[in-house]
Number of protein chains: 2
Amino acid sequence: MRVSAKADYAVRAAVELAAVGEDGPVKGERLAEAQEIPLQFLEHILLELKHSGIVRARRGAKGGYWLARPADEVSVADVVRAVEGPIANVQSQPPEAIEYRGSAEHLQEVWIAVRASLRSVLEQVTLADLASGDLPSIVDDFANEPDSWAPR
Amino acid sequence: MRVSAKADYAVRAAVELAAVGEDGPVKGERLAEAQEIPLQFLEHILLELKHSGIVRARRGAKGGYWLARPADEVSVADVVRAVEGPIANVQSQPPEAIEYRGSAEHLQEVWIAVRASLRSVLEQVTLADLASGDLPSIVDDFANEPDSWAPR
DNA sequence: GACTTTCCTGACTGCCTAAGTCAGGAGCGC
DNA sequence: GCGCTCCTGACTTAGGCAGTCAGGAAAGTC
């Protein structure tokens, strides 16, 4: 139930690209500096983002990275899945594939609900939302509840 | 963003205890068989549950484990936290402790919302709910949406 | 066409966690 | 005191996480 450094980095780099917009390719070094991410590690991440079609790249002078699609068509879930694989797996299996015995029978529905609730946030928020700071209401609602900020 | 085997086992064992109710202590071996969990591993897990006050135990003949509190006062979140630690940490830090620079500034609110949405499910569901199969509406609502069952 | 720049890729590392197993010790009830 | 059951630490094996290193391949520049 934790978010890896890789996923965090990937989203931050993608938002940075969204913020730059159409102003030509951005080189890895600049992304790394802007978000304080180790350059070599970031390049591996950007490669994965490229392989899953979220980002494009060109080499050489004037080269760099840019978003393959408009920023409002890329969700945080897309980015996280690209580097971490399926969201909310249980024991490396998707929740719908698990069978529970006896009194734990209904646990499956709980894991399904967990995954759905994660999706309801991550699939709603786009890179454009993040770059503009104008977040969807579901995020605002949760974030405005003081209890959400309490550690536990 | 995945649920460990340990957390899954812990919840299943706890539900089993909830289902048995007041009928005296249940031995580890029986829990292990009922839920098909490796016995030795399960005993380590039960020990952790004991240390965090969710379960009690007695040794010797007629010994075994039972819930320390009524089943409707123990949430799935309690059990998961007991074995996995804080839910939804980012890079091993709670989301409220992270500072983001530049265009990623609002990412913090997204992680906060992610955690809050997880809590809204996991803290709502109790062991009693699971044992009876009568799940809270938030779980039902998510589980009844066909899209929630689609892999992705 | 050489040179520089930037991405692309695989191999490697060190550390940590996950998912267990093994062996023995300690308390409880009879 | 004997058997049962929990309790605990040490150990293992595999794999993932978070990077680093070294070199190669395309794109643009002079």
Side-chain angles (χ1 to χ4, degrees), chain A residues 1-13 17 20 24-33 35-68 80 82-86 89-93, chain B residues 1-13 17 20 24-33 35-68 80 82-86 89-93:
Chain A
M1 289 314 231
R2 59 185 291 277
V3 179
S4 67
K6 205 158 136 182
D8 189 50
Y9 290 162
V11 177
R12 279 154 62 187
L17 287 179
V20 169
V26 185
K27 26 183 238 170
E29 200 182 346
R30 196 176 133 201
L31 292 174
E33 278 166 14
Q35 290 298 322
E36 297 174 333
I37 302 170
L39 174 59
Q40 322 226 48
F41 191 36
L42 178 60
E43 290 191 322
H44 281 261
I45 294 170
L46 286 165
L47 199 59
E48 290 186 62
L49 292 182
K50 192 194 156 200
H51 286 153
S52 38
I54 290 173
V55 144
R56 277 183 219 193
R58 187 186 314 130
R59 324 190 210 198
K62 299 271 169 188
Y65 303 90
W66 65 97
L67 290 178
V80 173
V83 299
E84 278 202 331
N89 272 6
V90 179
Q91 300 214 43
S92 311
Q93 285 208 328
Chain B
M1 287 318 226
R2 59 185 293 276
V3 178
S4 66
K6 205 158 137 186
D8 187 51
Y9 290 163
V11 177
R12 279 153 63 186
L17 287 179
V20 169
V26 185
K27 30 183 234 170
E29 201 181 346
R30 195 177 134 200
L31 293 173
E33 278 165 14
Q35 290 297 323
E36 298 174 333
I37 302 170
L39 174 59
Q40 322 226 49
F41 190 37
L42 177 60
E43 289 191 321
H44 280 261
I45 294 170
L46 286 165
L47 198 59
E48 290 186 63
L49 292 181
K50 192 193 155 200
H51 285 153
S52 38
I54 290 173
V55 144
R56 276 181 218 195
R58 188 185 313 130
R59 323 191 211 200
K62 298 274 170 183
Y65 303 90
W66 65 97
L67 289 177
V80 172
V83 299
E84 279 202 333
N89 272 6
V90 178
Q91 300 216 42
S92 311
Q93 285 210 329

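Chain identifiers are assigned alphabetically (A, B, ...) following the order of the sequence lines, protein sequences preceding nucleic acid strands; residue numbering begins at 1 within each chain. Values reported hereafter were calculated over all heavy atoms of this structure, with side chains retained and with hydrogens, waters and symmetry mates removed.
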inquiry  = Give me the atom names and distance for the closest heavy-atom approach of A:Y65 to A:A57.
reply    = CD2-CB, 3.6 Å
query = For the pair made of CD in A:Q40 and C1' in D:dA18, what is the distance, rounded to whole Å?
reply = 13 Å
ask   = Looking at residues at least two apart in the chain, or sitting in another chain, which of them share a side-chain contact (heavy atoms from CB on, under 4.5 Å) with B:V20?
value = B:D23, B:V26, B:R30
task = Using atom CG of B:L39 as one end and atom P of D:dC4 as the other, report the distance to the nearest whole Å.
result = 15 Å
side-chain contact (heavy atoms from CB on, under 4.5 Å) partners for B:R59, two or more places apart = none
ask   = In chain order, what residues pass the salt bridge (Lys or Arg N to Asp or Glu O under 4.0 Å) check against B:E33, with sequence neighbours excluded?
value = none
query = Looking at CZ of A:R58 and NZ of A:K27, how far apart are the two atoms once the value is rounded to the nearest 0.5 Å?
reply = 15.0 Å
query = Please give, in whole Å, the distance from D:dG16 C1' to A:N89 CG?
reply = 15 Å
task = Please state how far atom CG in B:D8 lies from atom P in C:dG20, giving the value in whole angstrom units.
result = 11 Å
ask   = To the nearest Å, how far apart are B:L42 CG and D:dC7 P?
value = 12 Å
Interatomic distance where CG belongs to A:L17 and P belongs to C:dC7 [whole Å] = 11 Å
ask   = Among residues 59-68 of chain B, which contact DNA chain C at a heavy-atom distance under 4.0 Å?
value = B:R59, B:G60, B:A61
Let me check something: any side-chain donor-acceptor pairs from residues 36-54 of chain A under 3.5 Å, sequence neighbours excluded? List them with distances.
from, atom 1, to, atom 2, distance (Å)
A:E36, OE1, B:R101, NE, 3.2
A:E36, OE2, B:R101, NE, 3.3
A:E48, OE2, A:K6, NZ, 3.1
A:S52, OG, A:E48, O, 2.9

query = Separation of B:E29 atom CD from D:dT5 atom C1', in whole Å?
reply = 10 Å
B:S4 side chain near B:E84 side chain, heavy-atom distance below 4.5 Å = yes
note = Taken in chain and number order and not counting sequence neighbours, the residues that satisfy side chain to side chain donor-acceptor pair (under 3.5 Å) with A:D8 are A:R12, B:Q91, B:Y100, B:W111
ask   = Hey, can you pull the residues of residues 45-57 of chain A with a non-hydrogen atom under 4.0 angstrom from DNA chain D?
value = none
ask   = With a 4.5 Å limit on heavy-atom distance, are the side chains of A:R2 and B:S92 in contact?
value = yes
request  = Flag the pair A:V55 / A:L67 as yes when at least one side-chain heavy-atom distance between them is below 4.5 Å, and no otherwise.
outcome  = yes
query = Whole Å only: how far is the CZ atom of A:R58 from the C1' atom of D:dA26?
reply = 11 Å
Using atom names, set out every protein N or O paired with an N or O of nucleotides 9-11 of chain D below 3.5 Å, distance rounded to 0.1 Å.
from, atom 1, to, atom 2, distance (Å)
D:dG9, O6, B:H44, NE2, 2.9

query = Looking at A:A7 and A:V83, what are the two nearest heavy atoms and their distance?
reply = CA-CG2, 3.7 Å
inquiry  = With a sphere of 6.0 Å drawn around CD of B:Q93, does it hold more than 12 non-hydrogen atoms of other residues, nucleotides or ligands?
reply    = yes
Short N/O separations, protein against nucleotides 15-19 of chain C, under 3.5 angstrom:
from, atom 1, to, atom 2, distance (Å)
C:dA19, OP1, B:A5, N, 3.3
C:dA19, OP2, B:A5, N, 3.2

Global bending angle along the helix from C:dG1-D:dC30 to C:dC30-D:dG1, which compares the axes of five pairs at either end, to 10 degrees = 10°
